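Heads up, the thing below is written out as structure tokens.
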Amino acid sequence: MALGVVLAAALYLVVVDLGINAGRIHYGVSVADVDVGGLSAPQAVERLRQHGLRLKNTAITFSAPGADCSFLPAELGWGPQPADTTKIALDVGRADVPLGAIADRVRAWLGGVEVGWAGSFDSAAVDDLLDECETSASGQGFEIDRDRLRAMVQNAVVTWPRPVSFRFPLIRPSSS
């Protein structure tokens with residue numbers, strides 16, 4: 001009897017959850033701190049488009065004492081791709097049916113699920129930026145951790161609000 005009540009309650013919660021989120025992004029889903037939970041696809045695309053343009057066209061600076069390098073995410077070939085990103089957000093709680101979908105829905109309700117922006121960077125443009133940053137830092141006697149800087153650049157692109165400057169990931173003063 002108790003098992004029947006538990007199963008009935010679980011089934012009821014699933015039906016309610018499906019009704020609340022029908023045709024919408026599941027509540028609790030965000031894209032890099034932009035809440036899109038409960039929005040329809042067109043609403044999410046518009047919210048992400050507006051935020052993505054701000055991300056794409058706002059300068060990012062990395063610095064150390066006396067050295068810096070700045071860039072726009074657009075210069076690295078990064079664009080927000082709001083429609084593709086919305087599709088990723090819509091998949092939360094709908095992909096990997098049944099167990100993966102249920103797990104995603106529970107995570108979204110309890111603590112939220114954050115998905116990343118769709119798209120990628122132009123690797124040659126990123127390498128050029130890293131070269132520029134290394135030149136700037138080495139001119140002041142610093143050596144940067146190139147791999148860590150690459151990861152930091154990709155993370156900085158989707159960070160909002162952005163600090164005035166990010167610190168170069170320094171290895172040690174260069175010997176030159």
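Note that the coordinates shown come from a computational prediction; the quantities given were computed from them, not determined experimentally.
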Salt-bridged, R146 to D131, with N to O below 4.0 Å? yes
One should read off an interatomic distance between Q81 CD and I88 CD1, to the nearest 0.5 angstrom, of 8.5 Å
F62 and F71 aromatic ring geometry - parallel, tilted or perpendicular at 30°/60° bounds: parallel
Among the clusters formed by ILVMFWY side chains lying less than 4.5 Å apart, do V153 and W160 turn up in the same one? yes
Assess whether side-chain contact (heavy atoms from CB on, under 4.5 Å) is satisfied between W78 and Q154, documenting all intermediate values. CA-CA 9 Å; W78 184 86; Q154 293 173 347; over 6 Å; no
R49: side-chain hydrogen bond (donor to acceptor under 3.5 Å, both in side chains) partners, not counting sequence neighbours: E46
Donor-acceptor pair, distance only, cut-off 3.5 Å: does the side chain of T85 make one with the backbone of A118? yes
How long is the straight-line distance from CD1 of I144 back to OG1 of T135, given to the nearest 0.5 Å? 9.0 Å
How many angstroms lie between CG in L129 and CG in D122, if you round to the nearest 0.5 Å? 11.5 Å
For the side chain of S136 and the backbone of E132, is there at least one donor-acceptor N/O pair under 3.5 Å apart? no
d(T86 OG1, D91 CG) to nearest 0.5 Å is 11.0 Å
Indicate yes or no for a side-chain donor-acceptor contact from R47 to the backbone of D35 under 3.5 Å, with no hydrogens or angles considered. yes
So how far is it from K87 NZ to I25 CD1, rounded to the nearest 0.5 Å? 12.5 Å
Residues at least two apart in sequence or cross-chain that pass side-chain contact (heavy atoms from CB on, under 4.5 Å) with A32, listed by chain then number, are E114, W117, V158
For the pair R162 (side chain) and L55 (backbone), establish whether a donor and an acceptor sit closer than 3.5 Å, ignoring hydrogens and angles. yes
Backbone of A151 reached by a side-chain donor or acceptor of N155 within 3.5 Å: no
